[in-house]
Amino acid sequence: MAGIVYLVGAGPGDPGLMTRRSLELIAEADAILHDRLIPPGALDGARRDAELVYVGKQPGGHTMRQEEINELLVRLGGEGKRVVRLKGGDPFVFGRGGEEAQALHDAGIAFEVVPGVTAGVAAPAYAGIPVTHRDEASAVAFVTGHEDPEKPDSALDWFALAAFPGTLVLYMGVGNIQGIARRLIEAGRPEDEHVAVVERGTLPGQRTVIGILADIDKRVADAGIRPPAITLVGPVARLREQLAWLEERPLFGRSVVVTRARAQASGLAARLAALGAEVVETPAIRIEPRPVAGELRAAAEAIGEYALVCATSPNGAVLLLDAVAELGHDARAFTGATVAAIGPGTAAELARRGIRADVVPERSVAEALVEALADVPVQGRRVLVARAAKARDLLPDSLRERGAEVDVVALYDTRAEPLSDGQLEQAGGADYVTFTSSSTVRFFHDAGGRVGDGTRVVSIGPVTSGTARELGLTVHVEADQHDIDGLVRALLDDAAAR
Ligand code: SAH
C-alpha cells in the first residue's frame with residue numbers, strides 16, 4: 001500500500017483547540033513526528049504501537065535539521081506508512097510545512113495538509129483581542145519577528161510594515177522586541193500605537209502585557225516574558241480592556257491538583273479547567289477491575305434474586321453494571337431489588353445506566369447509608385454489597401446484625417500509581433490539592449506527595465478529611481455535599497473569599 005504523510009496543525013496549545021481531523025489521524029497513524037510546541041496530551045490518542053519521533057528544535061541546539069526531517073518523512077512515506085507530521089499551530093504558518101510538502105511532492109509521496117488554529121489568532125483571542133475589527137483594523141499581517149532587526153539586509157521591509165493599514169502579528173519576536181519596536185517607530189509607525197504581547201497563549205499560565213510601541217520593550221522585560229509569545233501591534237490591542245475574558249474566570253491563575261485515578265480524573269479536571277484553573281493531574285491511584293468470575297460472576301448472574309443491592313462507590317456502580325452487561329443482561333436484571341447508592345455521585349452513575357436508586361443518603365458515608373436503610377426490610381433476605389476490595393465492613397456488618405443474608409463482592413482493586421518528580425514538584429507548589437476519597441489521600445501520601453505551606457487542602461467529606469488529618473495534613477476546605485459538584489462548589493467559595 002502506498003504511504004501518505006499528513007502535515008497536521010495541532011493548534012496553539014489548548015488541547016480543546018485541536019481539530020477533529022487531527023485527532024482522527026493521530027489515532028490511526030503508524031508514525032508521528034512531532035515538535036516541542038504541541039498541546040499537552042496531544043499524543044494520548046496515538047496507537048500503542050505507533051512510532052513516536054520527537055523532531056523538535058530546542059532553542060539553541062537543533063535536534064534534527066530540516067533536511068533530515070524531510071528525508072525521514074519521505075522515507076517513512078515511501079515505506080507505505082501513514083505518517084502524521086504534527087506541528088504547533090498551523091503547519092503552513094511559519095511552520096516550515098511548505099518546505100516539507102515540497103520535499104514530499106519532489107519524492108512523489110502523497111500528502112494531505114490539515115490546517116490548525118494558528119497562535120497569531122488564538123493567543124490574541126484568548127487575551128481578548130480580535131485581530132480585525134470593523135472600526136479598528138481591516139487587515140492583518142502575519143510577520144516573522146525571528147530576524148534580527150539590526151541586520152542591514154533584513155528581509156523585512158520595515159517601511160512597508162510601518163505603513164501597513166492594519167494589525168501586525170509578529171511570531172517568534174519577543175527576543176527582538178526592542179529592535180522591532182524601534183524599527184517600526186523609525187519607519188513611521190506612531191510611537192503611541194498599542195501593543196500586546198501574549199505569552200503561552202491558550203495554555204495554563206497565559207500572560208498578557210499591554211503597552212505602546214515606545215515602552216513595550218521595557219514592560220516585556222519587567223514582566224520577564226519569554227517565548228513562546230505573540231506580539232501584536234495595532235489599535236485592536238486596546239480592546240482587551242473591555243474584552244479580556246479568560247482572566248475573569250473564577251479560578252484563573254490558580255493551580256489545582258487532582259489526585260483521582262486517571263480514568264475518573266478527567267471529569268473533575270475538565271470542570272476545573274473550564275473554571276480557569278491550571279490543573280495538575282497526579283493520579284496516585286489506579287482502579288483495576290476484577291474479572292467477572294467466581295463470586296462476582298455468581299452475584300451478577302443472580303442480581304434479580306437480591307432483595308437489596310447496595311452500590312458503595314461510583315466506580316462500584318459502573319463496574320457492577322458492566323459485570324451484568326458482560327453476562328448479556330441489562331438494567332431489567334435488577335427488577336424486584338431495592339437499589340441503594342451510598343451518595344449522589346454513585347446514584348448518578350446508576351442513573352446514567354438506567355437505574356434510579358431507591359435509597360440515596362445525602363452524605364456519602366457508610367454511616368449515612370446504614371441509617372437510610374433502617375426502614376428497608378432485610379430480615380431473612382438476600383442482600384448484595386458491591387464495593388472495592390478494600391473497604392470498611394460497617395455496612396455488611398450492620399445488615400447482618402439485622403438478620404440479612406449478605407453477599408459482599410469486590411469489583412475492583414485500587415493500586416498505587418507512581419508519580420514522577422515533575423508531578424510531585426508541581427503538586428507541592430500548587431494553590432489547591434483536592435482529595436475525593438480516603439484512598440486518594442493515602443496513595444498520594446505513599447507516592448511521596450507533599451502539600452506545600454501555601455497549598456490549601458480540599459476534601460470531599462468527613463471520612464476523607466479524617467484520613468488526611470491522620471496523615472498530618474491540615475484540611476482547609478471540606479465539601480458540604482460529598483460529591484464532585486459539592487467539592488467544586490466548596491473550592492470556588494474558598495477561592496472567591498481569598
Ligand atoms: N505554526 C505555528 C507557528 C510556529 S512559529 C502557528 O501557526 O502558530 C513559533 C512561534 O509561534 C513562537 O515563537 C510564538 O511566536 C508563536 N506561538 C506558538 N505557540 C504559541 C502560544 N501558545 N502562545 C503564543 N505564541 C505562540
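Order of appearance sets the numbers: ligands from 1, and atoms from 1 within every ligand.
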Trainee: Judging by distance only, is a nitrogen or oxygen of P12 under 3.5 angstrom from one on ligand 1?
Mentor: yes
Trainee: Using a strict threshold of under 4.0 Å (side-chain N to carboxylate O), is an ion pair present between R353 and D322?
Mentor: yes
Trainee: Can you report which non-hydrogen protein atom sits closest to atom 4 (C) of ligand 1, along with the distance?
Mentor: F94 O, 3.3 Å
Trainee: Considering only non-hydrogen protein atoms, determine which one is nearest to atom 11 (O) of ligand 1 and report residue, atom name and distance to 0.1 Å.
Mentor: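 Nearest protein contact, heavy atoms only, for atom 11 (O) of ligand 1 is Y171 CD2, 3.5 Å.
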Trainee: Strictly by modelled atom types, are E281 and Q423 linked by a side-chain donor-acceptor pair under 3.5 Å?
Mentor: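 No donor-acceptor contact under 3.5 Å links the two side chains.
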Trainee: Can you report which non-hydrogen protein atom sits closest to atom 9 (C) of ligand 1, along with the distance?
Mentor: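 Going by distance alone, atom 9 (C) of ligand 1 is nearest to M172 CG, 3.8 Å.
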Trainee: Give the contacting part of R200 toward ligand 1: side chain, backbone, both or neither, where contact means a heavy-atom distance below 4.0 Å.
Mentor: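 Contact part for R200 vs ligand 1: backbone (N, CA, C, O).
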Trainee: Hey, is ligand 1 close enough to T202 that some N/O pair sits below 3.5 Å?
Mentor: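 Not met; the criterion fails.
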Trainee: What class does the angle between the rings of H34 and Y54 fall in, given that below 30° is parallel, 30 to 60° is tilted and above 60° is perpendicular?
Mentor: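 Geometry flag for Y54 against H34: tilted rings.
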Trainee: Are any of the N/O atoms on G201, whether in the backbone or the side chain, positioned under 3.5 angstrom from an N/O atom of ligand 1?
Mentor: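 G201 vs ligand 1: N/O contact under 3.5 Å present.
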Trainee: For E136, give me all partners under salt bridge (charged side-chain N to carboxylate O under 4.0 Å, His left out), at least two apart in sequence or on another chain.
Mentor: R238
Trainee: Considering only non-hydrogen protein atoms, determine which one is nearest to atom 14 (C) of ligand 1 and report residue, atom name and distance to 0.1 Å.
Mentor: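 Here the nearest protein heavy atom works out to A229 O, 3.4 Å.
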Trainee: Pull out every atom of ligand 1 sitting under 4.0 Å from any heavy atom of V93, numbered as shown with elements.
Mentor: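 With V93 as reference, the close atoms of ligand 1 come out as 1 (N), 2 (C), 3 (C), 6 (C), 7 (O).
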Trainee: Of all the heavy-atom pairs spanning F444 and T282, show the shortest one and how long it is.
Mentor: CE1-OG1, 3.8 Å
Trainee: If only atom types and distance count, is the side chain of D14 paired as donor or acceptor with the main-chain N or O of G16 below 3.5 Å?
Mentor: yes
Trainee: Under a 4.0 Å N-O cut-off, is there an ion pair linking D35 with R85?
Mentor: yes
Trainee: Counting N and O atoms only, with roles assigned by atom type, does the side chain of Q206 sit under 3.5 Å from a partner on the main chain of Y126, one being a donor and the other an acceptor?
Mentor: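 Yes: the side chain of Q206 pairs with the backbone of Y126.
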Trainee: Supply the atom-to-atom distance R82 CZ to E112 CD, rounded to the nearest 0.5 angstrom.
Mentor: 12.5 Å
Trainee: Name the closest protein heavy atom to atom 18 (C) of ligand 1, giving the residue it belongs to and the distance to 0.1 Å.
Mentor: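 The protein heavy atom lying closest is A119 CB, 3.5 Å.
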Trainee: Where on P228 is there a heavy atom closer than 4.0 Å to ligand 1, on the side chain, on the backbone, on both, or on neither?
Mentor: both
Trainee: May I ask you to decide whether D222 forms a salt bridge with K218, counting only side-chain N to carboxylate O separations under 4.0 Å?
Mentor: yes
Trainee: Which of the numbered atoms in ligand 1 are under 4.0 angstrom from any heavy atom belonging to G89?
Mentor: 2 (C), 6 (C), 7 (O), 8 (O)
Trainee: Closest non-hydrogen protein atom to atom 2 (C) of ligand 1, residue and atom name please, with distance?
Mentor: G88 O, 3.2 Å
Trainee: Students should be able to answer this: which protein heavy-atom is nearest to atom 25 (N) of ligand 1, and at what distance?
Mentor: I230 CG1, 3.3 Å
Trainee: Any nitrogen or oxygen of V198, side chain or backbone, less than 3.5 Å from one on ligand 1?
Mentor: no
